Amino acid sequence: MFETQYNEEMEAEVRRLEAKKRAEESGHPEWENACASCGCQLAGTDNRLCQNCC
């Protein structure tokens, strides 16, 4: 059980760091996340692409 929770937390942290990196690469280090395709701002860290780029 502990291992499952740990894995989920680590996966969430990896998603957060990847999202922050995309935002920085799009020229907006103050954003939490940016679309991997067009670079627009995204809410949350669960998605890599905006609705227009999906």
Side-chain angles (χ1 to χ4, degrees):
M1 184 167 174
F2 174 76
E3 184 177 329
T4 301
Q5 180 182 0
Y6 176 81
N7 288 343
E8 290 172 357
E9 290 175 2
M10 288 298 104
E11 288 173 9
E13 181 66 9
V14 167
R15 282 192 309 271
R16 186 189 70 76
L17 292 172
E18 289 174 343
K20 187 66 174 168
K21 183 178 178 190
R22 282 192 302 275
E24 290 173 359
E25 289 174 350
S26 72
H28 296 280
E30 70 279 5
W31 289 356
E32 185 178 323
N33 194 3
C35 176
S37 181
C38 71
C40 71
Q41 186 174 14
L42 297 174
T45 58
D46 293 332
N47 298 319
R48 293 187 67 242
L49 299 171
C50 66
Q51 290 181 349
N52 293 332
C53 292
C54 283

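Note that this is a predicted model, so its numbers are computed, not measured. Heavy-atom basis, side chains included; hydrogens, waters and symmetry copies ignored.
We find the OG1-CZ distance between Thr45 and Arg16 to be 8.5 Å, quoted to the nearest 0.5 Å. Atoms CD and CZ, from Gln5 and Phe2 in turn, are 7.0 Å apart once rounded to the nearest 0.5 Å. For the atom pair CZ (Arg22) and OG (Ser37), the distance works out to 11.5 Å, reported to the nearest 0.5 Å. Rounding to the nearest 0.5 Å places SG of Cys40 at 7.0 Å from CG of Asn52. Distance check, rounded to the nearest 0.5 Å: NE2 of His28 to CG of Asn33 gives 12.5 Å.
In terms of heavy-atom proximity, Trp31 sits nearest to Gly39 at CZ3-O, 3.3 Å. Across all their heavy atoms, Leu42 and Asn47 have their closest contact at CD1-O, 3.6 Å. Across all their heavy atoms, Glu32 and Ala23 have their closest contact at C-CB, 4.4 Å.
In this structure, Gln51 places its CD atom where only 12 or fewer heavy-atom neighbours from other residues, nucleotides or ligands lie under 6.0 Å away.
Taking 4.5 Å as the limit, every side-chain heavy atom of Glu18 sits out of range of all side-chain heavy atoms of Lys21.
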